[in-house]
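Below, chains carry the letters A, B, ... as their sequence lines are ordered, and counting in each starts from 1.
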Number of protein chains: 2
Amino acid sequence: MSAEFWLTQLHENGYRITGARRAVVETVEKSTRALTPVEVYDMSRKRYRALGLVTVYRTLEKLEELHLIQRVHQPMGCQAFISAGQGHQHLLLCKNCGQVVFFEGDDLESLTKSIAKKTGYQIQDHWLQLFGMCANCRTN
Amino acid sequence: MSAEFWLTQLHENGYRITGARRAVVETVEKSTRALTPVEVYDMSRKRYRALGLVTVYRTLEKLEELHLIQRVHQPMGCQAFISAGQGHQHLLLCKNCGQVVFFEGDDLESLTKSIAKKTGYQIQDHWLQLFGMCANCRTN
DNA sequence: ATACTTATTGATAATGATTTTCATTACCGA
DNA sequence: TCGGTAATGAAAATCATTATCAATAAGTAT
Ligand SMILES: [Mn+2]
Ligand SMILES: [Mn+2]
Ligand SMILES: [Zn+2]
Ligand SMILES: [Zn+2]
């Protein structure tokens with residue numbers, strides 16, 4: 001899942017490849033923690049000086065639409081984005097440094113069945129997110 | 001968990017009981033779906049005409065601080081609040097009408113242990129939220 | 001390569017949500 | 001009942017996001 005792939009995806013969906021988009025894509029794609037639009041702006045401007053914040057918003061919008069990135073919800077705010085996981089995956093976030101890891105293998109089958117029976121709801125979706133302290137932050 | 005209890009909590013924590021707070025508390029406490037500040041404002045103004053939106057923000061802030069309400073995160077936005085569940089509970093939300101139900105009994109013990117070993121993270125917390133269709137919305 | 005069409009851009013303005021300021025009001029303990 | 005002061009609402013300020021628009025440049029056709 002390289003920056004080139006993201007650019008290809010943009011192109012294949014009728015969007016043009018521009019310097020501004022290249023900069024944003026390269027910044028977001030390689031980040032291992034969720035970034036806010038302003039963070040993306042600041043970091044991408046080192047690659048493409050003329051970049052405007054508005055273009056960051058517009059590019060993030062398109063990347064989300066193509067499922068290349070996803071919004072990350074946190075206690076402190078919900079406007080950060082990270083490279084999307086593939087398939088059915090959930091996030092594990094370091095409370096200290098924000099480092100993100102994806103995991104899979106959660107089995108909520110029996111739980112949802114039981115809750116569905118108890119509540120009368122037809123359960124369709126779930127959000128699961130783990131918070132903790134990464135190995136690095138734990139030692140330092 | 002009545003409105004009177006909430007007012008008592010406010011009082012016991014050094015806050016005064018006012019008409020504005022009464023109105024907000026009564027509105028939020030009895031709602032079975034998450035409400036945004038403006039929704040709280042509109043609904044509470046029927047009880048207390050002179051209410052200002054700023055006071056709604058300030059009251060919600062205090063109620064959250066006292067753990068009487070909690071923020072609800074949803075795909076469409078994360079600025080809505082609902083009466084908090086007691087103990088370790090999670091939310092089940094109707095995608096159609098927003099009706100909220102709390103549930104407990106989720107067991108993520110083995111999952112978190114496995115993820116902790118795999119990632120090196122020390123896992124401290126989790127967010128779990130279910131989405132679906134309530135019995136009412138399903139029949140109508 | 002060159003010209004041309006039009007998507008994209010960044011600056012600017014507009015909007016919307018939340019917070020701050022401040023003079024006035026009213027809660028509540030003495 | 002009174003007085004100190006927390007709380008209030010109006011207005012202004014701030015912050016995040018979105019809309020407008022003329023200039024630019026990506027990509028296609030020539
Ligand atoms: Mn959220
Ligand atoms: Mn749980
Ligand atoms: Zn960390
Ligand atoms: Zn419903």
Side-chain angles (χ1 to χ4, degrees), chain A residues 3-4 6-28 34-66 69 71-81, chain B residues 3-4 6-28 34-66 69 71-81:
Chain A
E4 277 315 307
W6 288 25
L7 293 170
T8 302
Q9 286 299 107
L10 283 170
H11 189 248
E12 283 179 0
N13 285 83
Y15 297 118
R16 295 180 180 173
I17 308 303
T18 68
R21 282 177 181 163
R22 244 182 235 289
V24 170
V25 161
E26 280 167 16
T27 296
V28 176
L35 301 176
T36 64
V38 172
E39 285 174 328
V40 172
Y41 174 66
D42 289 336
M43 294 168 71
S44 303
R45 253 158 70 84
K46 290 173 183 151
R47 299 170 179 278
Y48 186 83
R49 200 66 65 68
L51 181 66
L53 178 56
V54 181
T55 298
V56 172
Y57 275 97
R58 289 189 284 227
T59 304
L60 289 175
E61 191 176 60
K62 283 167 183 60
L63 293 176
E64 188 178 24
E65 168 195 319
L66 296 176
I69 62 173
R71 184 178 298 267
V72 176
H73 298 262
Q74 286 183 266
M76 48 169 303
C78 307
Q79 38 286 138
F81 294 87
Chain B
E4 278 313 310
W6 289 25
L7 294 170
T8 302
Q9 287 298 106
L10 282 170
H11 189 247
E12 284 179 0
N13 284 86
Y15 298 118
R16 294 180 180 174
I17 308 303
T18 68
R21 282 178 182 164
R22 247 185 233 293
V24 170
V25 161
E26 280 166 16
T27 297
V28 177
L35 302 175
T36 64
V38 171
E39 285 175 328
V40 172
Y41 175 66
D42 289 337
M43 294 168 71
S44 303
R45 253 158 70 84
K46 290 174 184 151
R47 300 169 179 279
Y48 186 82
R49 200 69 64 67
L51 181 65
L53 177 57
V54 182
T55 298
V56 172
Y57 276 98
R58 290 190 282 226
T59 304
L60 290 175
E61 191 175 59
K62 283 167 185 57
L63 293 176
E64 188 179 25
E65 168 194 319
L66 296 176
I69 63 173
R71 184 179 297 269
V72 176
H73 298 262
Q74 286 182 266
M76 50 172 301
C78 306
Q79 39 286 138
F81 293 87

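- For A:I17, whose side chain is taken as the heavy atoms from C-beta onward, the closest listed nucleotide among C:dT9, D:dT17, D:dG27 is D:dG27.
- The shortest distance between side-chain heavy atoms of A:E4 and A:R22 falls below 4.5 Å.
- Here C:dA7 presents its C1' atom at 15 Å from CG of A:N13, a figure rounded to the nearest Å.
- Nearer the 5' end of DNA chain D, as judged by each residue's closest nucleotide, is the contact made by B:R21, out of B:R21 and B:Y41.
- Nucleotides of DNA chain C nearest to B:L53 and B:T18 differ in position, and the one nearer the 5' end is that of B:L53.
- As rounded to whole Å, 13 Å separates atom C1' of C:dC28 from atom CZ of B:R22.
- Looking at B:L63 and B:F81, their side chains never come closer than 4.5 Å, going by heavy atoms from C-beta outward.
- The shortest distance between the side-chain N/O atoms of B:H11 and the OP1/OP2 oxygens of C:dG29 is below 4.0 Å.
- B:Y48 comes within 4.0 angstrom of sugar-phosphate atoms only, judged by non-hydrogen atoms across all strands, and of no base.
- One atom, CD of B:E12, and another, P of C:dG29, lie 12 Å apart when rounded to the nearest Å.
- One interatomic measurement links the two molecules: OH of B:Y57 to P of C:dT18, which rounds to 3 Å at whole-angstrom precision.
- Across D:dT17, C:dG10, C:dA7, the shortest atom-to-atom separation from the side chain of A:R16 is found for C:dA7.
- Distance from the side chain of B:P37 is smallest for C:dT18 among the nucleotides D:dT8, C:dT18, C:dT19.
- The CD-P distance, from A:E61 to C:dT9, rounds to 12 Å in whole Å.
- Shown here for A:P37 and A:Q79, the closest heavy-atom pair between the two residues is CD-O, 3.3 Å.
- Computed from coordinates, the A:L51 CG to C:dT8 C1' distance equals 12 Å when rounded to whole Å.
- Among B:T59, B:T55, B:T27, the single residue meeting the side chain to side chain donor-acceptor pair (under 3.5 Å) criterion with B:S44 is B:T27.
- Here the CG atom belonging to B:N13 is positioned 7.5 Å from the CD atom belonging to B:E65, to the nearest 0.5 angstrom.
- One can place CZ of B:R45 at 10 Å from P of D:dG9, the figure rounded to the nearest angstrom.
- Counting non-hydrogen atoms under 4.0 angstrom, B:R58 reaches a base of the nucleic acid.
- In this structure, the OH atom of B:Y15 is 19 Å from the C1' atom of C:dG29, given to the nearest Å.
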